[in-house]
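Scroll down for the structure; my scribbles are underneath it.
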Amino acid sequence: MVVDAAPQAYNTMSFTSLKNNDARPKKKTTQMNGFHVYSQPGPSRGLSRSLSSGPVAQRRLSGCSMYMGTCSWMRRSESTCTLNSSSGSSRGRMRPAGSLPSISKAAVSDNKAVKRTSCLLVALRPTNVEQEREKFFLSNYNYNPQFQYQEPMSLSVLEKYSQASNQFVVQALRILNTVLNKYGSYENFESMTGGNLLSKCQIWSCCRRYMQKESCSGEVVVQLTEDLLSQAVMTNENSRPTLTINLLGARQHWLEGMLRHEIGTHYLRGVNDAHQSWHGSENRKEYGLKPANPTEEGLASLHSVLFRKHPYLWRAALLYYTISHAATCSFSALFNDLQQFVEDPAVRWEYCVRAKRGQKDTGQPGCFSKDQVYLDGIIRILRHRHTIDFHMLTSLGKVAFEDVERLRPFAQLENTRLPHFMRDMEKYYHHLNHIMEMNQLSDEELQSLLPD
């Protein structure tokens with residue numbers, strides 16, 4: 001693993017230096033959620049640190065552009081962008097079937113011009129979000145932000161995600177109210193179950209240990225930032241899989257779940273996809289594959305909470321509800337409605353921006369419905385959890401669970417990888433059942449919602 005305190009540029013610490021540092025007396029550590037974390041971490045010096053070893057790490061540190069062969073074109077089902085399209089080699093290219101989006105570091109600053117890009121995540125981030133946030137808070141939450149974007153949004157993309165669903169809104173509200181009834185407020189739930197925010201040093205330590213669990217040390221770049229709408233995202237930068245983590249959401253008891261989501265699910269399924277004959281958009285069409293979502297994000301979201309003592313699906317439920325309500329009201333009305341679930345205005349602002357992104361005049365009803373995919377995928381997977389072959393689903397790559405049996409005869413399983421938490425499937429199924437119980441979901445209800 002290579003870690004990078006992006007978006008700022010820092011000097012690189014050599015592997016030799018790190019090795020020497022390891023020889024120094026170590027500080028006392030504590031065990032948290034499977035991680036050893038420094039109880040008194042030293043001050044962050046803003047260094048871009050390499051925690052990988054071996055020839056791959058040395059090639060990276062020396063500036064070699066070659067990266068881990070098949071992993072250099074990782075894909076994620078979240079975006080429809082194509083990267084490095086000017087290159088003549090297909091191995092340096094992200095394919096439209098669902099690539100890792102490439103987020104330019106220049107795009108992090110709202111005041112800097114960036115070159116035109118087809119990346120969905122960048123294009124949807126308003127360039128004047130901070131200015132509109134200030135206006136909104138000064139207006140006592142009555143102003144409807146007028147967002148600007150660095151480039152015109154694709155009408156086809158906006159149309160695709162313009163319709164919200166209410167299919168699972170009853171379940172979403174039940175999950176939210178279950179949490180509020182137990183903890184009194186989201187803020188109490190967050191502090192009691194999420195724990196303290198982690199420092200940069202602690203995050204790097206946790207990421208390093210998790211990469212070792214998945215035997216992928218040196219394969220993924222880790223960046224830390226405060227400028228994400230989401231808690232984390234897997235992207236591709238310079239043909240290298242990159243995990244960007246939001247410092248404001250990295251909590252001690254939730255971080256490993258985020259790593260299971262991004263690395264243990266998105267990254268490893270992408271690695272496995274590269275071995276299959278349906279890898280790439282044209283090949284997917286030849287096999288007649290369903291879209292990877294909602295399976296992809298549903299599976300990743302389940303893995304986020306899989307081993308928590310209280311695995312509430314709060315975030316997926318709130319995103320689902322927020323988008324459903326945004327479709328019929330203005331930004332300010334949505335913000336005030338969400339107060340019944342979240343007291344913190346800053347948190348409500350982020351949920352509203354996610355639901356209203358893509359709009360210029362947020363005073364109008366409308367939503368960007370993509371974030372409903374999390375709860376949608378969760379419920380569909382839980383509905384069929386007894387019949388899904390989760391090992392095969394992961395090994396086949398970026399495919400929907402409905403396509404698993406049809407693709408099984410064509411699977412190339414040599415060199416495919418399973419996340420460490422799928423080694424004990426009896427324990428895995430036990431925790432899926434625990435998620436059902438804690439979120440007050442029943443098999444009878446899910447079967448009536450999603451009949452065969």
Side-chain angles (χ1 to χ4, degrees), residues 30-35 37 141 168-199 202-203 206 228-232 245-261 297-298 300-326 334-355 371-372 374-379 382 430-442 445-446:
T30 58
Q31 182 81 25
M32 298 192 311
N33 198 24
F35 293 137
V37 180
Y141 316 139
F168 305 123
V169 73
V170 171
Q171 289 70 37
L173 284 168
R174 186 192 305 146
I175 293 167
L176 297 173
N177 288 322
T178 297
V179 173
L180 293 179
N181 290 337
K182 181 175 178 63
Y183 295 97
S185 68
Y186 168 75
E187 286 72 20
N188 288 340
F189 166 67
E190 183 179 56
S191 62
M192 293 175 67
T193 66
N196 297 325
L197 287 171
L198 298 176
S199 68
Q202 290 172 322
I203 294 171
C206 292
L228 275 182
L229 288 178
S230 58
Q231 293 179 334
I245 299 174
N246 190 339
L247 282 166
L248 302 180
R251 295 186 173 272
Q252 66 186 93
H253 302 313
W254 289 355
L255 183 60
E256 183 166 10
M258 181 275 291
L259 295 171
R260 288 195 300 269
H261 182 122
E297 293 295 355
S301 298
L302 284 170
H303 292 163
S304 295
V305 303
L306 192 63
F307 298 112
R308 292 183 191 173
K309 183 178 180 180
H310 302 292
Y312 291 111
L313 299 166
W314 170 275
R315 186 170 178 81
L318 186 54
L319 284 169
Y320 193 96
Y321 172 82
T322 300
I323 290 166
S324 175
H325 197 58
L334 176 65
F335 182 90
N336 291 319
D337 179 75
L338 291 184
Q339 189 172 8
Q340 63 182 306
F341 305 116
V342 179
E343 296 175 5
D344 189 341
V347 175
R348 276 186 280 155
W349 163 265
E350 292 296 331
Y351 275 94
C352 291
V353 171
R354 287 190 69 140
D371 283 338
Q372 287 191 318
Y374 301 103
L375 187 63
D376 186 287
I378 286 170
I379 289 178
L382 290 176
H430 170 77
H431 283 282
L432 290 182
N433 291 333
H434 185 48
I435 291 172
M436 290 276 294
E437 179 183 354
M438 293 300 296
N439 291 277
Q440 298 188 17
L441 299 171
S442 69
E445 178 184 30
L446 300 191

Mind listing the closest non-hydrogen atom pair of [X] and [Y] along with its distance?
{"X": "L334", "Y": "T322", "result": "CD1-O, 3.6 Å"}
{"X": "H431", "Y": "L306", "result": "ND1-O, 3.1 Å"}
{"X": "F168", "Y": "D376", "result": "CE1-OD2, 3.4 Å"}
{"X": "D344", "Y": "E187", "result": "N-OE2, 2.9 Å"}
{"X": "L338", "Y": "R348", "result": "C-CD, 3.7 Å"}
{"X": "A300", "Y": "H261", "result": "O-ND1, 3.2 Å"}

Passes side chain to side chain contact (heavy atoms under 4.5 Å, CB included), L446 versus M436? Steps please.
CA-CA 10 Å; L446 300 191; M436 290 276 294; 3.8 Å; yes

Under the rule for side-chain contact (heavy atoms from CB on, under 4.5 Å), what residues qualify as partners of N196, not counting sequence neighbours?
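Here the qualifying residues are Q252.
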
What distance separates [X] [atom1] from [Y] [atom2], expressed to the nearest 0.5 Å?
{"X": "I379", "Y": "L441", "atom1": "CD1", "atom2": "CG", "result": "6.0 Å"}
{"X": "I203", "Y": "L247", "atom1": "CD1", "atom2": "CG", "result": "5.0 Å"}
{"X": "E350", "Y": "N246", "atom1": "CD", "atom2": "CG", "result": "8.0 Å"}
{"X": "E297", "Y": "L375", "atom1": "CD", "atom2": "CG", "result": "12.5 Å"}
{"X": "L255", "Y": "C206", "atom1": "CG", "atom2": "SG", "result": "5.0 Å"}
{"X": "Q171", "Y": "T178", "atom1": "CD", "atom2": "OG1", "result": "11.5 Å"}

If only atom types and distance count, is the side chain of N439 paired as donor or acceptor with the main-chain N or O of I175 below 3.5 Å?
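Checked: no pair found.
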
Just by distance, do the side chain of Q340 and the backbone of D337 share a donor-acceptor pair under 3.5 Å?
yes

Between [Y] and [X], is there a side-chain heavy-atom distance shorter than 4.5 Å?
{"X": "R251", "Y": "S191", "value": "no"}
{"X": "Y186", "Y": "V179", "value": "no"}
{"X": "E445", "Y": "R174", "value": "yes"}
{"X": "W254", "Y": "S304", "value": "no"}

Side-chain polar contacts of residues 307-318 - donor-acceptor pairs under 3.5 angstrom, sequence neighbours left out - could you list them?
unit_1: R315; atom_1: NH1; unit_2: Y351; atom_2: OH; d: 3.2

Please assess Y320 against L176 for the test side chain to side chain contact (heavy atoms under 4.5 Å, CB included), listing each intermediate value before the final yes or no.
CA-CA 11 Å; Y320 193 96; L176 297 173; over 6 Å; no

